[in-house]
Amino acid sequence: MFDKILIANRGEIALRIHRACHEMGIATVAVHSTVDADAMHVRLADESVCIGPPSATESYLNIPAIITAATITNADAIHPGYGFLSENANFAAIVEEHGIVFIGPTPDQIALMGDKIASKAKVASLGIPVVPGSNGAVSSSPEALLLADEIGYPVLVKASAGGGGRGMKVVRSADALDTSLKQARSEAKAAFGDDTVYIEKYLERPRHIEIQVLGDGSGKVIHLGERDCSLQRRNQKILEEAGSPGINDSQRDEIGAKVCKALSDLNYRNAGTVEFLYENGEFYFIEMNTRLQVEHPITEMITGVDVVREQIRLAAGTPLSLTQADVTFTGHAMECRINAETPDTFVPCPGKITDYHPPGGPNVRVDSGLYSGYTVLPHYDSLISKLIVYGTTRNECLMRLRRALEEYVIGGIETTIPLHQTIVENADFVNGDYDIHWLERLVAERAAGG
Ligand code: MV4
């Protein structure tokens, strides 16, 4: 096992990784930008290294500075967290070239899943259901017209280098196809430097359901069930729950088995998430994330598995601590992402936290680097806290979440807590009756004063 891990991240996830390390007897190295010198992840770590100015490009994305920090502190491994360098195949390769273990997949696996066309073709060939579509890049308008005719409108034009929804165009009829194709291409070129696009059947009202997996790199892969991440706004997830109110145990077993088989064939290593759209009883693969995800705690709550500990064990070549038969799903969990934002406009509102009182009590978990007197910085993501609750039933979980939101005091700045309070009181949410567009509609109604 490793003696020392460098955590190449900040905020709540850096803390989360530090906690797993210390519970395993592993020392930690924090890296930080100049403005993060007082951050909780730096205070808790055994050692810390300043890696650059506030701009993420010059600090948390600064590969030479991070490699240097790992070298001078003699770290055995680097955990990238999420965001920043977590899905950068080049970074993973450089880390390994320096004789340091990258706590993640192989560079090839990161690169494969980063290419939306290649990953879709690959997983389809391994038995995972995908959205009907062009099965590869679309090169000309006539080709696109023929394909769209075959698939049936509406269709969606997607960027191969995309992900997270950027560069997508819904096309509802043949006469709009050519224009949308050109738009999608030029947006993809501008955003990713790659104008490769492909076409899929557009699913009108799906849920977003993702399967958490753990793979040992030698073909052993288990799944930890699903998370429903349909409650999102502009591709930012807001509230997630496990399990999904939309599927039952046998559907979970079936899609979970397909995912494990495919990733076993790929010798997938690390924690990972396979994302699906789910509509009318069918799952359709959209993409795979090869990193630890923000919402991993809800899976931990219903399975009792420490996902970060497993990641570290897998990277060290230690076998998975459990088999699929050992994985059981008990109760229900929800996570609210609390952002430093004005609730109605979602404009980030950094500033000093004057009062801080997180909720507590049974089955309440708060993953956050906040403290009274901390200043939320304008340079980084506005996620400041994750409120995670567990209940033996979905209703118990929901009642507990309402209670915890009531207790949570974050004074001095605005946060999205009021939005969460609206969501958890809503009848559709209470009934589990929502899709990926539901929250946008709720937000629009709130803005209209409804
Ligand atoms: C789709 C879709 C409907 N049909 N693909 C958006 C993010 C990107 N990762 C995939 N996305 C979508 N792909 C087909 N064929 C609708 C979305 C989508 C979405 C997906 C998941 C969560 C939130 C979403 C919000 C808008 C659109």
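Since this is a predicted model, take the numbers as computed values, not measurements. Whatever order the structure lists ligands and atoms in, that order sets their numbers, starting from 1. In what follows, residues are counted from 1 in the order of the sequence shown.
When atom types are taken as modelled, the side chain of Lys116 and the backbone of Met113 share a donor-acceptor pair closer than 3.5 angstrom.
Close contacts of ligand 1 with Val131, meaning ligand atoms under 4.0 Å from a residue heavy atom, involve 15 (N). Proximity to Asn235 (heavy-atom distance under 4.0 Å) selects the following atoms of ligand 1: 6 (C), 7 (C). With ligand atoms numbered from 1 in the order given, ligand 1 contributes 4 (N), 14 (C), 15 (N) to contacts under 4.0 Å with heavy atoms of Lys201. Near Glu287, with a cut-off below 4.0 Å to any heavy atom, the atoms of ligand 1 are 8 (C), 9 (N). Atoms of ligand 1 lying under 4.0 Å from any heavy atom of Tyr202, numbered from 1 in the order shown and given with element: 3 (C), 4 (N).
In terms of polar-atom proximity, defined here as any N/O pair under 3.5 Å, Lys158 does make such a contact with ligand 1. For the pair Leu203 and ligand 1, the shortest N or O to N or O distance falls below 3.5 Å. Residue-to-ligand polar distances keep His208 apart from ligand 1: every N/O pair is separated by 3.5 Å or more.
No option in His296, Glu240, Gln212, Glu241 other than Gln212 meets the side-chain hydrogen bond (donor to acceptor under 3.5 Å, both in side chains) test with Arg227. Screening Asp115, Asp195, Asp194 against Ser160 for a side-chain hydrogen bond (donor to acceptor under 3.5 Å, both in side chains) leaves a single residue, Asp115.
Residue contacts with ligand 1 do not include Glu204, since none of its heavy atoms lies under 4.0 Å from the ligand. Residue contacts with ligand 1: Lys237 is excluded, as none of its non-hydrogen atoms falls under 4.0 Å.
A ring pair (Phe, Tyr, Trp, His ring centres under 6.0 Å) check over residues 233-279, counting only residues at least two apart or in different chains, returns the pairs Phe276-Phe283, Tyr278-Phe283. Residue pairs meeting the ring pair (Phe, Tyr, Trp, His ring centres under 6.0 Å) criterion with at least one member in residues 197-251, sequence neighbours excluded, do not occur.
Between Lys237 and Glu335 there is no salt bridge, since none of the side-chain N atoms of the basic residue sits less than 4.0 Å from a carboxylate O of the acidic one.
A cation-pi geometry, defined here as NZ or CZ lying under 6.0 Å from the six-membered ring centre and within 45° of its normal, holds between Arg207 and Tyr434.
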